[in-house]
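Every value quoted in this text rests on a predicted model; they were computed, and no experiment measured them. Both counts, for ligands and for their atoms, begin at 1 and track the order of listing.
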Amino acid sequence: MNRERGLRGVNSYARELGFDPLTRLTAGDAWLDLCCGSGRALIEASGDPRARDLHITGVDLVDFFVPAVRSAGLDLIAADVVTWSPPRAYDLITCVHGLHYVGDKLGLLARIASWLTPAGRFVADLDPVQIDAPGPVTSELRRAGFEFDTARRRIALRGGRDIAFPYTYLGADDTTGPNYTGQPAVRSYYTQA
Ligand SMILES: C[S@@+](CC[C@H](N)C(=O)[O-])C[C@H]1O[C@@H](n2cnc3c(N)ncnc32)[C@H](O)[C@@H]1O
C-alpha cells in the first residue's frame with residue numbers, strides 16, 4: 001500500500017488528483033485529506049509559504065505519521081473516517097486512493113458532501129467496480145451531483161449538500177483481491193433502500 005505520496009512529483013498528490021492542492025486554496029481556507037497515509041503530502045504542503053494561513057487536516061486509521069515538526073495549521077488525526085466527525089466545514093476535501101479500503105463507500109461519500117463549504121470541492125479516487133449496488137452506481141452518483149471521470153476513476157463534487165442515496169449498506173468483503181491499483185481492495189455491497 002502506497003502511504004508515502006508527497007505533494008508534488010512522480011509519486012504525489014498533484015499527480016493523482018490532477019492538480020496541486022495548494023493552487024486551489026486561498027488564505028483562511030481549510031483542506032481535509034481523508035486516508036492521508038503517512039501525512040507526507042500534508043507536511044510538505046504545510047511547509048510551503050503559500051500555506052501560511054491555511055488549515056490542513058489529515059485523518060488516517062493508522063497512527064504512523066512522518067515524524068516532523070508540524071506547522072501550527074497542520075493537524076494529523078488517527079481515526080476511522082467512517083465514524084470520525086469533523087469540527088468544521090472544508091473548502092477542499094481529498095481522498096487519494098483511500099476509498100478503496102472503506103466498507104461503506106456511499107455512506108462516506110454522503111457524509112463528505114455534507115462537510116464541504118458552499119463553494120468547497122471534493123476530489124478522490126473511486127473504483128465503481130468495487131461498489132455492488134442495484135443499477136449503475138455511477139448514474140446514482142451523478143444524480144446526486146458528483147462528477148465521475150471514468151477514464152481516470154476520479155470522483156469530484158463542488159458545493160456542500162445533503163445527499164441520501166437510495167441504498168442500504170449490507171457489508172463489505174476484503175477478500176476479493178486487487179483492484180486496478182494492483183492492491184487488495186474492499187468490495188462494498190448495497191441493496192435498494
Ligand atoms: C493507499 S494508502 C493512501 C495514503 C495516502 N493518501 C497517499 O496517497 O499517500 C490508503 C490509506 O487509507 C487508510 N485507511 C484505510 N481505511 C481507513 C479508514 N477507515 N479510516 C481512515 N483511514 C483509512 C490506510 O491506513 C492507508 O494509510
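The atoms of ligand 1 that sit less than 4.0 Å from any heavy atom of Ala79 are 20 (N), 21 (C). When each atom of ligand 1 is checked for a heavy atom of Glu4 under 4.0 Å away, the hits are 9 (O). Per-residue contacts place Val62 under 4.0 angstrom from the following atoms of ligand 1 (heavy atoms of the residue considered): 25 (O).
Cys95 SG to Lys105 NZ: the interatomic distance, rounded to the nearest 0.5 Å, is 10.0 Å. Remark: Phe19 CZ to Tyr13 OH distance equals 11.5 Å, nearest 0.5 Å. If you take CZ on Arg50 and OG1 on Thr26, they are separated by 12.0 Å, rounding to the nearest 0.5 Å.
Under 4.0 angstrom from ligand 1, there are no non-hydrogen atoms of His100. Contact annotation: for Cys95 versus ligand 1, there are no heavy atoms closer than 4.0 Å.
Shown here for His55 and Gly28, the closest heavy-atom pair between the two residues is CD2-O, 3.6 Å. Smallest separation of non-hydrogen atoms from Asp125 and Leu99: O-CD1, 3.5 Å. Val102 approaches Val186 most closely through the heavy-atom pair O-CG1, 3.8 Å.
At least one heavy atom of Tyr13 sits less than 4.0 Å from an atom of ligand 1. Not a single heavy atom of Ser38 sits under 4.0 Å from any atom of ligand 1.
If you check each of Thr181, Asp80, Asp33 against atom 19 (N) of ligand 1, the one with the closest non-hydrogen atom is Asp80. Closest to atom 5 (C) of ligand 1 by heavy atom, among Cys35, Gly58, Ala78, Gly39, is Cys35.
Backbone and side-chain nitrogen or oxygen atoms of Val96 are examined, and one is located within less than 3.5 angstrom of a nitrogen or oxygen of ligand 1. Here's the thing with Val102: none of its N/O atoms is less than 3.5 angstrom from an N/O atom of ligand 1. Annotation: Val81 places an N or O atom under 3.5 Å from an N or O atom of ligand 1; distance criterion only.
Looking at Asp48 and Arg8, a side-chain N of the basic residue comes within less than 4.0 Å of a carboxylate O on the acidic one, giving a salt bridge.
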(request) Determine, step by step, whether Trp31 and Thr94 satisfy the side-chain hydrogen bond (donor to acceptor under 3.5 Å, both in side chains) criterion, reporting the C-alpha distance in whole Å, the side-chain angles of both residues, the deciding distance to 0.1 Å, and the verdict. (result) CA-CA 8 Å; Trp31 171 24; Thr94 52; 2.8 Å; yes
